[in-house]
Amino acid sequence: MKLLAWLGRKVGGALVVLWLVATAIFIGVRLIPGDPAEAIMGGPGSQASAEALANARSEYGLDLPIISQYFLFLAKLIRLDFGTSYSFKDPVLQIMGEVLPPTINLALLALVVAWLLALLFALLAMRANKFGRLLGNAVEIVAAAVPHFWLGAVLIMLFSSMLGWLPAVANGTPAGLVLPVLTLALPLAGFLTQLMRDSLNTAMGSQFALAARARGESRLTVFRRHGLRHAALPALGLTGWAFSSLLSGAVVVEAIFARPGLGRSLLSAVLARDIPMVTGIALFSALVYIVVMALTEAIERLIDPAGAES
């Protein structure tokens with residue numbers, strides 16, 4: 001019964017969030033200057049006639065009162081009818097099915113690399129002296145604060161232009177993934193390391209850790225058996241947010257490295273005022289955030305049932 005109640009709350013919350021996101025999109029795209037009918041016809045440069053613009057407004061319901069447009073918009077979303085992209089002239093779901101896998105692969109790889117780097121940095125911080133901890137703390141802060149576009153440019157200049165080790169743009173090979181993954185992963189790794197390091201220091205100085213050391217366990221064993229779990233929990237709770245931030249960062253990274261994916265499609269859709277495409281991508285991003293947050297909460301319950309219940 002507890003599991004069913006938890007699932008019911010999650011599903012209900014997800015529906016409310018998706019409705020709010022859809023409403024925000026509906027309002028936001030209508031605040032953008034310009035005529036949506038012109039975007040449908042190919043933009044202001046298409047020089048569409050007044051008759052063609054009127055036909056486009058009638059076909060897409062843009063000549064209806066705003067409240068009627070809103071309910072028509074919601075009715076289509078309930079039927080999973082996202083319409084046809086204005087700029088690509090294909091169904092939105094079809095386009096998303098083509099551009100989604102590269103972005104998901106990029107975000108998942110970046111998330112795994114960020115977690116591995118955070119665990120490594122947390123372990124090094126535990127074994128470092130005072131100067132090493134101060135240096136590590138400075139590196140973490142810089143890594144967490146650096147913007148993706150600047151980091152991507154620096155990595156391209158260093159590893160592509162100067163050293164020639166890696167390609168500067170995506171070329172469909174594993175080597176072409178290295179720089180985009182690092183560009184996304186390094187800022188997140190710095191942020192996760194800060195969370196884990198503080199929790200690790202607290203855990204390693206707690207009574208259970210001191211008792212384990214008194215029983216003869218090494219510091220590394222105490223870290224692996226006790227400290228790691230307590231250090232990972234705060235960072236794990238932010239994994240849903242982290243994955244969503246990686247999807248957002250993919251907009252910049254895919255543009256920098258000329259990599260096809262959801263991010264570049266979203267950028268093109270916004271510039272072209274492609275309302276159906278923007279709606280589909282935004283709702284999908286919100287759904288991914290909800291699903292990942294639910295999964296991380298379930299994992300937290302498995303790792304620390306008592307803490308999750310409280």
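Quick caveat: nothing in here was measured; it's all calculated off a predicted structure.
Residues Leu179 and Leu158 are members of one and the same hydrophobic cluster, defined by side-chain heavy-atom contacts under 4.5 angstrom among Ile, Leu, Val, Met, Phe, Trp and Tyr. A single hydrophobic cluster is not seen to contain both Ile78 and Leu20; linkage of ILVMFWY side chains at heavy-atom distances under 4.5 Å, directly or through other members, places them apart. When hydrophobic clusters are built by joining Ile, Leu, Val, Met, Phe, Trp and Tyr residues whose side-chain heavy atoms come closer than 4.5 Å, directly or via intermediates, Val252 is grouped together with Trp150. Cluster membership check: Leu184 shares its hydrophobic cluster with Phe149, using side-chain heavy-atom separations under 4.5 Å among Ile, Leu, Val, Met, Phe, Trp and Tyr. Residue Val113 is not grouped with residue Leu116 when hydrophobic side chains (ILVMFWY) are merged at heavy-atom distances under 4.5 angstrom, including chains of intermediate members.
For the pair Ile156/Ile256, a side-chain contact is recorded, criterion being any heavy-atom separation below 4.5 Å from C-beta on. Looking at heavy atoms from C-beta onward, Thr103 lies in side-chain contact with Glu254 at the 4.5 angstrom threshold. Taking the side chain as every heavy atom from C-beta outward, Val178 and Trp165 never approach each other to under 4.5 Å. Using a 4.5 Å heavy-atom cutoff, the side chains of Leu74 and Trp19 are in contact. Between Phe257 and Leu177, the closest side-chain pair of non-hydrogen atoms is not below 4.5 Å.
Expressed to the nearest 0.5 Å, how far CZ of Arg259 lies from CG of Leu106 amounts to 5.0 Å. Put simply, CG on Leu192 and CG on Leu111 are 8.0 Å apart, with the number rounded to the nearest 0.5 Å. How far CD1 of Ile104 is from CG of Leu109: 11.0 Å, rounded to the nearest 0.5 Å. To the nearest 0.5 Å, the span separating CG on Leu72 from CD1 on Ile67 amounts to 11.5 Å.
Closest approach of Phe284 and Met96 over heavy atoms only: CB-CE, 3.4 Å. Taking all atoms of both residues into account, the shortest heavy-atom contact from Leu287 to Leu18 is N-CD2, 4.1 Å. Residue Ala118 comes nearest to Ala189 through the heavy atom pair CB-O, 4.0 Å, listed as atom of the first residue, atom of the second, then distance. The minimum heavy-atom distance linking Leu155 with Leu182 is given by the pair CD1-CB, 4.1 Å. Of all heavy-atom pairs between Leu93 and Leu80, the closest is CD1-O, 3.5 Å. Residue Pro167 comes nearest to Gly176 through the heavy atom pair CG-CA, 3.7 Å, listed as atom of the first residue, atom of the second, then distance.
Between the Ser85 side chain and the Asp90 main chain, no donor and acceptor come within less than 3.5 Å of each other.
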Note to self: Determine whether Thr84 and Val92 satisfy the following criterion, side-chain contact (heavy atoms from CB on, under 4.5 Å), listing intermediate values before the conclusion.
What the structure shows: CA-CA 5 Å; Thr84 301; Val92 170; over 6 Å; no

Note to self: Between Tyr70 and Thr23, is the side-chain contact (heavy atoms from CB on, under 4.5 Å) condition met? List the steps.
What the structure shows: CA-CA 8 Å; Tyr70 175 67; Thr23 302; 2.8 Å; yes

